Amino acid sequence: MIALKSKREIEIMRDASRIVAEVLNGLRTLCRSGITTKELDVYAEKIPAKYGATPAFKGYRGFPGALCASINQQVVHGIPGDYVLKDGDIVSMDYGVHYKGYYGDSAITVPIGRITPETAKLLKTTEECLYLGIDQMVPENHLSDLSRAIQNHAESKGFSLVKEFGGHGIGRNLHEDPMVLNYVTNGRGIKLRPGLVLAIEPMVNIGTDKVRILSDGWTVVTNDGKPSAHFEHTVAVTENGPEILTRME
Ligand code: MG
Ligand code: MG
């Protein structure tokens, strides 16, 4: 069942999403060679309290971190730990908060020092996929318009899309209907209407689209060990088009 949000609910989600954006902005500035992903997690866990918010992922189905920190060939759901970021790495940081009964959810992939041109192209393309998908979030469009925009762009650049994970509705729950695929299947999907709030999150790989989960039960990695990038925003469909609730200043 899809729960459309009232203007009042979207207001609260805007506030929740602003906290998410602030934390991700802070994390971006902390990201440098020599810092551990655990140190990033400490920051992500600490900041929401000053707003009366809580990190959304900590304890979610038993996830141990406040932040998902996924390095290089890790796609999503990386557990923060002792890994020390180094020049040439990319780190995907996926983060959400719970605030006044609602969730916000967003992700960025950040380069550490100098990265290869191909990896830089991966980051740029994945972020472009996110915004091309968001552009489709206008009333009367269908969900598949969004999926198609994401898939076409990634594949036109020679990259592949992770199929096992995708975006989702968001609101009173972190994950709500509908599921938002980053590739096209049969059918047009639901019609988009004002009040629909979605987390759009393309996960794009340089090589194979195939992924597996490490023995920690969480970390998703590419089968071929090549890099993967992830960008995400929480976005509301309004009469005037998409409103990116987690937009960063
Ligand atoms: Mg997320
Ligand atoms: Mg999400």
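Everything numeric here is computed off the predicted structure, so don't read it as measured data. Counting starts at 1 for both ligands and their atoms, in listed order.
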key: From CA spacing to verdict: side chain to side chain contact (heavy atoms under 4.5 Å, CB included), Leu85, Ile71   = CA-CA 8 Å; Leu85 294 177; Ile71 314 299; 3.6 Å; yes

inquiry  = Quick check on the 6.0 Å ring-centre criterion: do His98 and Tyr60 meet it?
reply    =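 Not close enough - the centres of the two rings lie 6.0 Å or further apart.
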
Candidate pair Lys86 and Ile112, rule side chain to side chain contact (heavy atoms under 4.5 Å, CB included), full reasoning = CA-CA 6 Å; Lys86 63 180 193 306; Ile112 307 300; 5.9 Å; no

ask   = Are Glu22 and Lys50 within salt-bridge range, i.e. N to O under 4.0 Å?
value =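 Salt bridge between Glu22 and Lys50, a charged N being under 4.0 Å from a carboxylate O: yes.
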
request  = Pull up every protein N/O/S atom sitting under 2.8 Å from the Mg ion (ligand 2), skipping waters.
outcome  =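 Under 2.8 Å from the Mg ion (ligand 2) - ignoring waters, which are not counted - the protein N, O or S atoms are Asp105 OD2, His168 NE2, Glu201 OE2, Glu232 OE2.
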
ask   = Phe63 pairs by ring pair (Phe, Tyr, Trp, His ring centres under 6.0 Å) with which of Tyr95, Phe57, Trp218?
value =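 Option passing the ring pair (Phe, Tyr, Trp, His ring centres under 6.0 Å) with Phe63: Trp218.
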
task = Let me see the working for Leu27 and Leu67 under side chain to side chain contact (heavy atoms under 4.5 Å, CB included), right down to the final yes or no.
result = CA-CA 10 Å; Leu27 288 167; Leu67 175 74; 3.7 Å; yes

